[in-house]
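What follows is a short report on a single structure.
Letters go in sequence order (proteins before strands), and every chain restarts at 1.
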There are 2 protein chains.
Amino acid sequence: MSHSAIEHLTEPQQRILSFISHYMDEHDVPPTIREIQKGAGISSTSMVSYHLKALERANLLNRYERRSRGVVLTHAHRVSPRDIVSVPIVGRIVASEPAPTPDPDALADAENTIQIARSLVGSADGLYALEVQGDSMIDALINDGDIVIMRRTDEIKNGDLAAVFLTDRNESTLKRVYREKDGKRLKLKPENPTMKPFYVDAHHAMIQGKVICVIRKT
Amino acid sequence: MSHSAIEHLTEPQQRILSFISHYMDEHDVPPTIREIQKGAGISSTSMVSYHLKALERANLLNRYERRSRGVVLTHAHRVSPRDIVSVPIVGRIVASEPAPTPDPDALADAENTIQIARSLVGSADGLYALEVQGDSMIDALINDGDIVIMRRTDEIKNGDLAAVFLTDRNESTLKRVYREKDGKRLKLKPENPTMKPFYVDAHHAMIQGKVICVIRKT
DNA sequence: ATAATAAGCGAACATGCGTTCTATGTCAAG
DNA sequence: CTTGACATAGAACGCATGTTCGCTTATTAT
């Protein structure tokens, strides 16, 4: 950033700014010139126009010319819906069965959803969440009740933490996955450095999703 | 909740809804009837009015009669700034020294901040975050690099997970804290159920904050 | 003091924009 | 076939609303 900012705003200009902000909080719609006039105690519409022009120059708001209610605060603390993503909690993950994967049909019902800031997870594509049940993932440092944010994906990079279902043992687990050179085996490495990695036949491992983030509410 | 919701919306109604939503994302101002008409491919303004009325009945949006751009989605996915809290990451927590606590003067600079949905943490009061360094908290199932969201608080309820600095050992740790009946000792219980709790003299334990939530990005 | 510049007014104007009205088309029930 | 509830068009009406312009009143510089 460089110039701009609050090089002294005149007092009516501050009133206008504050009025717009409050008005938006209440109505979700920007005010009209005349509403600003009354609300901020300005004597005429032309004066409002005048001040608005100044505020625009100061980069404190944007105007859409000639459009009704065409004033929007640039004020950074506006948050767009995209900044929060609602991730559906599609089920529980337990050691003894495959982890559920999202049902494409099921619309996210608000009940079973966790909100997280987009900045934590990057893209919202293919995200879903699982609630961990039982202590069996403790070797991945994941506790009973933790929420695991997963991304549905077919390709896993070496070293990604993923939910893997082992068909031969009938067991779900969260491990870091490495493809062995021969392409036939996977190395599964527990997060807990005190535990040894082990190997499974690639045919017996279904990779169900990639762990993006783990959240524990206490 | 009871009635309402998406009792079959007609296809043009869905288009309208989606258009408004996208329009708002882009412009921060609701569209006019005529903009909806073009944007959602409706044949006439009266039809837009017509559908809008239906959508209002279905509680999917509110209208301010006779006011320009007087349509606002009720749809919960509107996000107010209050729904995201920016938590300052005030430092690292390592076993060998007291965990940092927030400096009341220091303003949150955007660089060292983690955004989380308000629904995860309740009130934003007194929140700060620590980045865990080292494996020493592994008994609390907290890994190197994890982010711990803390709340500055003086009173801790029995069983709360808290950051405790043990003055006699010069060591920081995250444990569940229980006050013993005699009031002189604290029981500190690791999260990991395979580890045994232990007791410390209350005078040698500084409770630095309460763990609200743990976040692990992978 | 005088000129120049910024600030303040209010009315008039031209669209912007929501509403309403009439006419037409559809489709199922009677 | 008729009736009546809906869905659809298009246009006209009229208030809402941003803009402009001429004019007066501070402020400040010369």
Assuming nearest nucleotide by heavy-atom distance, tell me which of S46(A) and E35(A) is located more 5' along DNA chain D. E35(A)

R63(A) CZ to dT19(D) P: how many Å, rounded? 5 Å

Atom CZ of R15(A) and atom C1' of dA7(C): how far apart are they, to the nearest Å? 14 Å

Expressed as a whole number of angstroms, how long is the span from H51(A):NE2 to dG8(C):C1'? 8 Å

Could you check whether R34(B) gets within reach of a base, just the sugar-phosphate, or nothing at all, counting any heavy atom under 4.0 Å? base

Students often get this wrong, so: under 4.0 angstrom with heavy atoms, is T32(A) touching a base, only sugar-phosphate, or nothing? sugar-phosphate

Any donor-acceptor pair under 3.5 Å joining the side chain of T45(A) to the base of dG10(C)? no

Rounded to the Å, how far apart are E65(B) CD and dG14(D) P? 19 Å

Tell me the closest heavy-atom pair linking G209(B) and I156(B), and the distance in Å. O-CD1, 4.4 Å

Check the distance between dG10(C)'s P and I33(A)'s CD1 and give it to me in whole angstrom. 16 Å

Looking at every heavy atom in both V72(B) and H27(A), which two are closest together, and how far apart are they? CG1-O, 3.8 Å

What's S68(B) touching, base or sugar-phosphate or nothing? Going by heavy atoms closer than 4.0 Å. sugar-phosphate

Do the rings of F19(A) and Y23(A) sit parallel, tilted or perpendicular, given the 30° and 60° boundaries? tilted

Over all atoms of both residues, closest heavy-atom pair of V71(B) and P30(B): O-CB, 3.2 Å

Rounded to whole angstroms, how far apart are OH on Y50(A) and P on dA6(C)? 7 Å

dG18(D) phosphate, OP1 or OP2, under 4.0 Å from R67(A) side-chain N/O: no

Between P of dA11(C) and CE of M47(A), the distance in whole Å: 15 Å

In whole angstroms, the gap separating P of dT17(D) from CZ of R66(A) amounts to 16 Å

For M150(A) and A163(A) the tightest heavy-atom approach is CE-CB, 3.5 Å

